[in-house]
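Here is the structure we will look at.
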Amino acid sequence: MNTLNIIALILVILIILISLITILFRCHNEKLESIVKNLDNTEKECFDKLKNKYDFIIRLINIIEDKYKVESKIFDDVNKMKIDSIKSYKNEKMLNKCYKEILQIKEDNKKTKEVRSFKDIINDYEDNELLIISLRTYYNKYVLEYNNLIKKFPYNIIAKIKKYQLRTLLEGKELVNDFNNTLEV
């Protein structure tokens, strides 16, 4: 074999290797991008449902204050809350506490059972709450998968190139308090 044939053979092998690496990179990249897109969409939808939760609480507070002349410090705190801060679990705890107080007021006042809009808003709130729990569960499942993937080869290389970072789980009342958001592989 002459040197020209050896150089041609080496070039062909290099071209085949580069093609295989490119194909593998694209497949792994598509999988990672699909998960990231899923997570982003779910996070946005969850935030929208949290805004809905806030809106339901405000509507219930308005009905209670207007029709029953009941006032509460937590109602004032919720009214002062900023919509963008609802992502914070601390503020969601306040919304949950406010909702419990609303339910207590409902039990104490027989008139609230007669107000159809009050009952409808509570039903909508509870449906929304179930959606939030479902979205968080879905999101957290894929965050765990995503975090585990970007720690493994070749995904870790793709993650560094694309500047993907580890994500944290969404907290909620459905998670146990001692649950650890950090991942160890």
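Counting from 1, the numbers follow the sequence of the chain as shown. Worth knowing before you read on, the calculation uses all heavy atoms, side chains too, and leaves out hydrogens, waters and symmetry mates.
The line from CG of L60 to CD of E101 is 12.0 Å long, rounded to the nearest 0.5 Å. Rounded to the nearest 0.5 Å, atoms CD1 (I150) and CD (Q165) are 7.0 Å apart. Atoms NZ and CG, on K53 and D48 in that order, are 14.5 Å from each other to the nearest 0.5 Å. Taking NZ from K31 and CD1 from I158, the interatomic distance works out to 10.5 Å, rounded to the nearest 0.5 Å. Remark: I157 CD1 to K152 NZ distance equals 15.0 Å, nearest 0.5 Å.
Side-chain contact check for I105 versus F75: some heavy-atom pair is nearer than 4.5 Å. Residues L166 and K151 meet the side-chain proximity criterion, which asks for heavy atoms closer than 4.5 Å. Side-chain contact check for P154 versus L24: every heavy-atom pair is 4.5 Å or farther apart. Between V78 and Y99, every side-chain heavy-atom pair lies at or beyond the 4.5 Å cut-off. Between E129 and N96 the shortest side-chain heavy-atom distance falls below 4.5 Å. Counting heavy atoms from C-beta on, the side chains of E126 and F56 never come closer than 4.5 Å. Between I122 and L103 the shortest side-chain heavy-atom distance falls below 4.5 Å. Annotation: side chain of Y138 is not in contact with side chain of K141 (no heavy-atom distance under 4.5 Å).
In plain terms, the two heavy atoms of L32 and A159 that are nearest each other are CD2-N, 4.4 Å. Closest non-hydrogen pair, I57 versus Y125, comes out as CD1-CE1, 3.6 Å. Across all their heavy atoms, L169 and V143 have their closest contact at CD2-CG1, 3.7 Å. Contact record, T42 with L135: CG2-O, 3.6 Å, taken as the closest heavy-atom pair.
A donor-acceptor distance shorter than 3.5 angstrom exists from the side chain of N148 to the backbone of L144, with no hydrogens or angles considered.
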Audit row: N29, K162, side-chain contact (heavy atoms from CB on, under 4.5 Å) steps and yes/no: CA-CA 9 Å; N29 185 43; K162 297 273 186 161; 3.3 Å; yes
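By the rule that hydrophobic residues join a cluster once side-chain heavy atoms approach within less than 4.5 Å of another member, L170 and L39 end up as members of one cluster. Hydrophobic clustering, with ILVMFWY side chains joined whenever heavy atoms are under 4.5 angstrom apart, keeps I121 apart from L130. Y54 and I63 end up in the same hydrophobic cluster when Ile, Leu, Val, Met, Phe, Trp and Tyr side chains are linked at under 4.5 Å. I102 and M94 end up in the same hydrophobic cluster when Ile, Leu, Val, Met, Phe, Trp and Tyr side chains are linked at under 4.5 Å. Under the 4.5 Å side-chain heavy-atom criterion for grouping Ile, Leu, Val, Met, Phe, Trp and Tyr, F118 is connected to I58 within one hydrophobic cluster.
When each of R136, K49, K97 is checked for a salt bridge (Lys or Arg N to Asp or Glu O under 4.0 Å) with E92, only R136 meets the rule.
Using a cut-off of 4.0 Å between Lys/Arg side-chain N and Asp/Glu carboxylate O, D40 and R167 are scored as salt-bridged. A salt bridge does not link K51 to D55: none of the charged nitrogens lies less than 4.0 Å from a carboxylate oxygen.
Residues satisfying the side-chain hydrogen bond (donor to acceptor under 3.5 Å, both in side chains) criterion with D77, sequence neighbours excluded, are K73.
Within the structure, the ring-ring contact (aromatic ring centres under 6.0 Å, His included) test picks out the following pairs touching residues 143-167 (sequence neighbours left out): H28-Y155.
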Sequence neighbours excluded and cut-off under 3.5 Å, please list the side-chain donor-acceptor pairs for residues 6-22, or say none.
residue	atom	partner	partner atom	Å
S19	OG	I15	O	2.8
T22	OG1	I18	O	2.7

